[in-house]
Amino acid sequence: MEGASALRRFLLPALFVGALFALLFLRGRNDVARTGEWTFRGPTMGTAWTVKIADPELEEETRDAIETTIQQTVALVDQRMSNWKDDSELSLLNRHDTSPYPVSGELLGVLDMAIEIHRLTGGAFDITVGPLVNAYGFGPGDPPRIPTEDELKDLMARTGLNKLTLNKNAGTATKKHTDLYFDLSGIAKGFAVDQVAAALEELGHADYMIEIGGEIRTRGRNGSGEIWRIGVEQPDPTLREAGRIIPLLDTAMATSGEYRNFIEIEGVRYSHTIDPRTGKPIDHHLASVSVLHQSCATADGVATGLNVLGPDEGYELAVKHGIAALFILERSNGSLIEHATPAFEATLERTREAQQPDPVIP
Ligand code: ADP
Ligand code: MG
């Protein structure tokens with residue numbers, strides 16, 4: 001009896017743990033043997049990051065160093081730009097008054113990009129919609145609810161990116177209204193992807209895929225020596241499977257769509273994206289919009305801006321500015337149609353050409 005219970009108490013758990021280790025170890029090895037890629041994963045910004053590096057020869061020590069570098073990079077972006085953390089640099093700026101506030105180079109850079117995207121999208125992308133986002137219960141704090149018209153009017157009075165000025169030489173940000181509150185959720189994930197890319201390049205890697213919460217950037221080739229292929233998710237929250245496959249060569253792709261994040265109040269779905277012109281959640285038949293750009297931060301912000309503008313106005317603006325964008329619209333019967341801008345088609349065409357093997361010159 002004694003022996004049997006000791007076996008149960010020590011040996012079985014030990015066997016179980018051992019088997020688990022063996023399984024994980026073998027899986028990692030088998031995966032890299034099959035795909036030629038090492039995969040790294042971790043949590044960040046309320047979502048997850050995934051990095052694949054197409055170099056089967058990576059030593060364990062190098063892999064540990066890569067993992068640590070990625071973790072530190074995303075943690076630093078989070079510490080600067082999260083409005084879910086009370087002590088983040090962004091939260092300190094949000095609580096600051098109207099005197100110039102010294103900010104880090106990274107935060108200044110992202111605020112500057114946000115102003116540029118705000119201009120490009122005719123005000124549709126606006127990081128000052130934070131109070132409205134929070135009023136609907138999408139941000140940190142209150143549960144979901146619908147604000148009253150009076151509340152909306154009051155909140156709209158203290159939004160607008162024209163109430164922010166940057167002094168790049170002095171490295172300061174100045175709010176024209178004490179209650180101005182920034183929400184970088186529509187651009188920070190893309191920026192974190194760019195920062196991870198820079199960190200990987202610094203370590204000498206040139207064949208990788210980085211993904212944070214659906215925002216992606218690739219460089220070089222995958223483990224099979226081909227261009228990385230990325231699936232655009234099916235715009236249906238119950239189907240987390242890839243729809244269209246897009247080859248991505250040395251570029252970033254960000255997708256904005258309410259299928260990923262919405263709240264339901266009394267059976268009605270509300271998007272977490274706010275139209276700054278009305279102060280209300282967007283309400284149109286655009287299932288998702290994906291944007292290709294060299295910078296993932298830009299792709300991220302522009303995708304959110306085009307999503308606000310919707311299938312008609314957004315498409316027109318994207319064509320006018322030569323933005324590579326793929327709009328996926330939902331018809332009333334639930335079926336989906338795609339609408340790509342000429343710049344999107346051109347990028348795909350160039351990628352397909354690059355995929356062809358080099359012609360053999362006799
Ligand atoms: P999506 O992938 O659907 O665009 P993102 O996470 O990129 O989602 O951006 C949406 C988030 O950005 C919202 O959760 C909100 O915090 C914030 N946001 C909402 N509306 C706007 C807007 N008009 N401009 C900029 N940011 C917005
Ligand atoms: Mg976005």
Side-chain angles (χ1 to χ4, degrees), residues 44-48 77-78 81-84 90-91 94 110-111 113-142 144 155-156 159-162 164 180-194 211-217 232-233 235 237 252-263 269-284 286-293 295-310 313-314 317 323 325-328:
T44 188
M45 301 179 177
T47 176
V77 175
D78 201 34
M81 298 175 198
S82 168
N83 52 344
W84 298 79
L90 185 71
S91 291
N94 279 339
V110 170
L111 290 173
M113 268 183 172
I115 291 175
E116 209 181 301
I117 300 168
H118 179 253
R119 212 172 287 141
L120 177 73
T121 58
F125 179 77
D126 190 331
I127 55 168
T128 68
V129 296
L132 291 157
V133 171
N134 294 350
Y136 283 93
F138 295 118
D142 299 336
L155 290 170
M156 296 266 291
T159 62
L161 202 44
N162 54 347
L164 165 72
L180 199 62
Y181 172 100
F182 309 107
D183 171 1
L184 294 176
S185 308
I187 189 170
K189 277 175 285 168
F191 178 71
V193 168
D194 289 333
E211 188 251 343
I212 303 179
E215 323 305 11
I216 295 156
R217 180 164 161 165
V232 174
E233 269 176 42
M253 178 172 80
T255 302
S256 182
E258 56 104 32
Y259 64 93
R260 197 185 265 286
N261 201 342
F262 59 85
I263 54 165
R269 257 192 206 185
Y270 295 90
S271 165
H272 69 149
T273 300
I274 302 285
D275 187 336
R277 299 166 297 188
T278 60
K280 294 178 179 166
I282 53 169
D283 176 25
H284 50 57
L286 188 55
S288 75
V289 52
S290 299
V291 171
L292 307 180
H293 199 275
S295 145
C296 198
T298 302
D300 193 1
V302 171
T304 302
L306 292 181
N307 190 21
V308 169
L309 293 173
E313 225 186 317
L317 185 120
I323 298 167
L326 174 70
F327 291 73
I328 301 183

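Indexing begins at 1, ligand by ligand and atom by atom, following the structure's order. It should be emphasised that the depicted structure is a prediction, and the values quoted were computed from it without experimental measurement.
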### Message
Using modelled atom types and a 3.5 Å cut-off, is there a donor and acceptor pairing between side-chain atoms of Glu215 and backbone atoms of Thr255?
### Response
yes
### Task
Mind checking the CD1-OG1 spacing from Ile212 to Thr44? Nearest 0.5 Å is all I need.
6.0 Å
### Task
Any atoms of ligand 1 less than 4.0 Å from a non-hydrogen atom of Thr273? List them with their elements.
19 (C), 20 (N)
### Task
Look up atom CG in Asp300 and atom OG in Ser185, then write down how far apart they are to the nearest 0.5 Å.
9.5 Å
### Message
Taking the side chain as everything from C-beta on, heavy atoms only, tell me whether Trp84 gets closer than 4.5 Å to Met45.
### Response
no
### Summary
Note: ligand 1 atoms sitting under 4.0 Å from heavy atoms of Asp300 are 7 (O)
### Query
What do we get for Thr255 next to ligand 1 when only non-hydrogen atoms under 4.0 Å count, side chain, backbone, both or neither?
backbone
#### Entry: Residue-ligand contact Phe125/ligand 1, heavy atom below 4.0 Å
yes
### Query
Between Lys189, Arg277, His272, Met45, which one has a non-hydrogen atom sitting closest to atom 19 (C) of ligand 1?
His272
### Task
State the atoms of ligand 1, each with its element, that fall below the 4.0 Å cut-off from a heavy-atom position in Val308.
23 (N)
### Query
For ligand 1, which atoms, with element, lie under 4.0 Å from some heavy atom of Thr304?
4 (O), 7 (O), 9 (O)
### Query
For Ile127, is at least one N or O under 3.5 Å away from an N or O on ligand 1?
no
### Message
Would the distance check show the side chain of Asp194 and the main-chain N or O of Cys296 forming a donor-acceptor pair, the cut-off being under 3.5 Å?
### Response
yes
### Query
Out of curiosity, Thr298 OG1 to Ile117 CD1, how far, rounded to the nearest 0.5 Å?
5.0 Å
### Message
Donor-acceptor pair, distance only, cut-off 3.5 Å: does the side chain of His284 make one with the backbone of Asn307?
### Response
yes
### Query
Is Val110 close to Met81 at the side-chain level, that is, under 4.5 Å between some pair of heavy atoms?
yes
### Query
Less than 4.5 Å apart, any side-chain heavy atom of Thr159 and any of Asp126?
no
### Message
With the threshold set at under 4.0 angstrom, would you say Gly257 reaches ligand 1 through any of its heavy atoms?
### Response
yes
### Task
Show which atoms of ligand 1 fall inside a sub-4.0 Å distance from at least one heavy-atom site of Ser185.
5 (P), 6 (O), 7 (O), 9 (O), 11 (C), 12 (O), 16 (O)
#### Entry: Nearest-0.5 Å distance, OH of residue Tyr136 to NZ of residue Lys280
6.5 Å
### Query
Does the Asn94 side chain pair with the main chain of Phe182, one donor and one acceptor, at a distance under 3.5 Å?
yes
### Message
At less than 2.8 Å, would any N/O/S atom of Thr304, backbone or side chain, sit next to the Mg ion (ligand 2)?
### Response
yes
### Message
At less than 4.0 angstrom from any non-hydrogen atom of Asp183, what atoms of ligand 1 do you find?
### Response
15 (C), 16 (O), 17 (C)
### Task
Take every heavy atom of Ala124, measure it against each atom of ligand 1, and state whether any distance is under 4.0 Å.
yes
### Task
Would you check whether Ile274 has a nitrogen or oxygen atom less than 3.5 angstrom from a nitrogen or oxygen atom of ligand 1?
yes
### Query
Do ligand 1 and Asn307 have nitrogen or oxygen atoms that lie under 3.5 Å from each other?
no
### Query
Would Asp300 count as a contact for the Mg ion (ligand 2), in the sense that one of its N, O or S atoms lies under 2.8 Å from it?
yes
### Message
Quick test of your reading of the structure: of Asp126, Asn134, Val129, whose heavy atom lies closest to atom 18 (N) of ligand 1?
### Response
Val129
### Message
Using heavy atoms and a 4.0 Å limit, tell me yes or no: is Asp275 in contact with ligand 1?
### Response
no
